Amino acid sequence: MGMAFTDALTDHADVRVALVDRRHSVGGHWLEAYPFVRLHQASAFYGVASTRLGGGQPQQSGPEEGLQERATQPEICVYYDRMLTDRMLASGKVEFFPNCEYVGHRTVVSCISGERFEVSERCRIVDAHYLAPSIPAETPPPFGVTEDARVVPVNDLARLDGGPSQYVVVGSGKTATDACIWLLSRGVDPDAICWVRPREPWMMNRAVVQPDPAIFLAMVADTMQAAERATSLEDLFLRLEDAGIMLRIDRTLMPTMAKTPTLAAWELEQLRTLENVVRRGHLETVGRGKLTFADGSVAVADDSLVVHCAADGLKYPPLVPVWSRDAITLQPIRAGFPCFGAALVGYVEATRQDDAVKNRLCPPSPYPDSLAQWAAMNVLGTRNALSLSAEPDIREWSHRVTLNPARIPPGHPRSAALDDARQRLATHMSPGLAALAELM
């Protein structure tokens, strides 16, 4: 988000920016992410506004043939390093201070030398860390571990030199699904995987979250039409499942978690081969051969390897005004897609003078966790999208930016599918949005 904000700001304003990062380079948590991770969304939706991540091409083979490419962890890190070096530093507008910490009171301290830097009163502080994720490589497991138990962060799976008779994957989100699918891809028998899944998750079908306006706008239209007809949040999600938008691993259970990362059909099929699923709430303690929960314990193999995938990837601090007297606090302002939201904030900061006007245009929206929070994210984010599209310069800029999932690029050819999506969106947007607000 900090890179996306800086890229858009420096492209549209005569400013100087000091990028302060406690890590050794830009790229945030991707620098420490597990090596087999990929973006769960299309590469086109990630990165900075000025330069597309990846080649913008569909995958030519494999189980996701026809879907847009998704960058790997090394590709993401190389991309951000290139954006820093070739665009930001080369522009003369940006300085980079790696291995440094902003400690408040307009003071930056080097984590290496201890040198202190004072920031001028004329400098505006931008907080790109408010929603920084926790990842297993840097966060202890949220459960107790006895001395004789084997627990590793998900990163260590790629470095094992001898497999156990059983893997225990702990977590309900994207990291846990990635770990399970990676183990299966390496030939681990499904029966040798125990999945501790504290909550059942709803996930989005990756096939309908694509940088093709006919596909993406049809998904939004289907969502609003489902909301218009739904009698409850649970009914809404079931309707979205019937429409091919939402996915759940176990169709006999109603999920309560709705962080909604994307998932492909082939991944869903593989996850459904895992039958040893423990649904007893949050894990309290791991011991040799035993998992302890609030209501009792579950036996596992004595040599089992417990894979920690349970860090808080999404954060839920209170929503605060993006522009305040003390700082610009980066937060999503659309329904998800935080890189696009941060780029929008950078563009608005560059092109508007009054903070009240900026906050009116860019009120923050939350990350979702529950079904109600997912509805709130979509209500607030959609309202913001409609408000921003009423500003001619913002609308024109947004449709040229690949980060924008709802864009119709200049010169994009008309088609029957796109015309149908736009017509249905016009019909169902207003009543669907009102119904979604009631449901949340």
Side-chain angles (χ1 to χ4, degrees), residues 32-38 40 63 73 134-201 203 247-253 255 257 259 261 263-264 266-313:
E32 310 298 337
Y34 46 103
F36 50 89
V37 67
R38 302 177 79 97
H40 73 94
Q73 186 246 15
S134 299
I135 60 173
E138 300 177 325
T139 307
F143 46 82
V145 180
T146 65
E147 291 185 0
D148 56 355
R150 296 179 65 199
V151 178
V152 299
V154 62
N155 298 56
D156 288 2
L157 281 181
R159 306 181 184 95
L160 294 180
D161 56 8
S165 64
Q166 185 178 40
Y167 292 89
V168 179
V169 177
V170 182
S172 300
K174 178 184 182 296
T175 302
T177 62
D178 282 354
C180 292
I181 290 167
W182 188 85
L183 289 170
L184 293 170
S185 75
R186 293 302 187 269
V188 176
D189 190 289
D191 292 336
I193 300 173
C194 170
W195 188 354
V196 177
R197 206 158 74 214
R199 293 191 292 167
E200 289 298 304
M203 299 185 178
L247 305 172
R248 53 181 164 160
I249 302 166
D250 189 332
R251 297 198 66 168
T252 68
L253 299 173
M257 190 169 89
K259 300 176 189 287
L263 193 73
W266 70 273
E267 293 173 307
L268 181 64
E269 291 175 4
Q270 293 206 8
L271 294 174
R272 285 176 172 167
T273 67
L274 304 179
E275 298 182 356
N276 186 5
V277 179
V278 178
R279 303 180 180 89
R280 303 183 68 162
H282 290 286
L283 181 61
E284 293 192 348
T285 307
V286 173
R288 181 180 176 86
K290 185 170 70 172
L291 310 174
T292 302
F293 302 83
D295 65 348
S297 62
V298 173
V300 293
D302 281 352
D303 71 334
S304 63
L305 182 69
V306 176
V307 184
H308 162 34
C309 302
D312 294 327

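On a predicted model such as this, the values are computed, not experimentally measured, just so you know.
- The shortest distance between side-chain heavy atoms of Val168 and Val278 does not fall below 4.5 Å.
- To the nearest 0.5 Å, the span separating CZ on Arg199 from CG on Leu253 amounts to 14.5 Å.
- By the 4.5 Å heavy-atom criterion applied to side chains, Phe293 and Leu283 are counted as neighbours.
- Of all the heavy atoms in Gly171 and Trp195, the pair that sits closest is O-NE1, 2.7 Å.
- Using a 4.5 Å heavy-atom cutoff, the side chains of Thr177 and Glu267 are not in contact.
- Arg280 is not listed as a side-chain neighbour of Leu291, based on a closest heavy-atom distance of 4.5 Å or more.
- Of all heavy-atom pairs spanning Ala137 and Glu32, the tightest one is CB-O, 3.6 Å.
- For the atom pair CD1 (Ile249) and CG (Leu274), the distance works out to 8.5 Å, reported to the nearest 0.5 Å.
- In terms of the side chain to side chain contact (heavy atoms under 4.5 Å, CB included) criterion, residue partners of Arg38 (sequence neighbours excluded) are, by chain and number, Arg70, Thr72.
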Practice task
Could you give me the CA-CA distance, side-chain angles and deciding distance for Leu157 and Tyr34, then say whether side chain to side chain contact (heavy atoms under 4.5 Å, CB included) is met?
Solution key: CA-CA 9 Å; Leu157 281 181; Tyr34 46 103; over 6 Å; no
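- Taking CZ from Arg279 and CG from Asp250, the interatomic distance works out to 5.0 Å, rounded to the nearest 0.5 Å.
- Atoms CG and CD1, on Leu263 and Ile181 in that order, are 6.0 Å from each other to the nearest 0.5 Å.
- Applying the side-chain hydrogen bond (donor to acceptor under 3.5 Å, both in side chains) rule to pairs touching residues 157-169 yields Asp156-Arg159, Ser165-Asp303, sequence neighbours excluded.
- Within the 4.5 Å cutoff, the side chain of Pro142 has heavy atoms near those of the His308 side chain.
- In terms of heavy atoms, Glu200 sits closest to Pro255 at O-CB, 3.0 Å.
- Residues that satisfy the side chain to side chain donor-acceptor pair (under 3.5 Å) test with Thr273, not counting sequence neighbours, are absent from this structure.
- Expressed to the nearest 0.5 Å, how far CG of Asn276 lies from SG of Cys194 amounts to 4.0 Å.
- Note that CG of Leu305 and CZ of Arg150 are 5.0 Å apart. Values are rounded to the nearest 0.5 Å.
- Taking the six-membered ring where the residue is Trp, Trp182 and Phe36 present parallel rings, their angle staying beneath 30° rather than reaching 60°.
- Contact record, Ile135 with Ala33: CD1-N, 4.3 Å, taken as the closest heavy-atom pair.
- In this structure, the side chains of Met257 and Arg197 stay at 4.5 Å or more apart for every pair of heavy atoms.
- Considering only heavy atoms from C-beta on, Phe143 stays 4.5 Å or farther from Val196 through its side chain.
- Using a 4.5 Å heavy-atom threshold, the side chains of Val154 and Asp178 count as separate.
- Scanning all heavy atoms of the two residues, the minimum distance from Pro201 to Ser172 falls at CG-O, 3.5 Å.
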Practice task
Check the pair Leu184, Ile193 against side chain to side chain contact (heavy atoms under 4.5 Å, CB included), reporting the backbone distance first and the verdict last.
Solution key: CA-CA 9 Å; Leu184 293 170; Ile193 300 173; 3.9 Å; yes
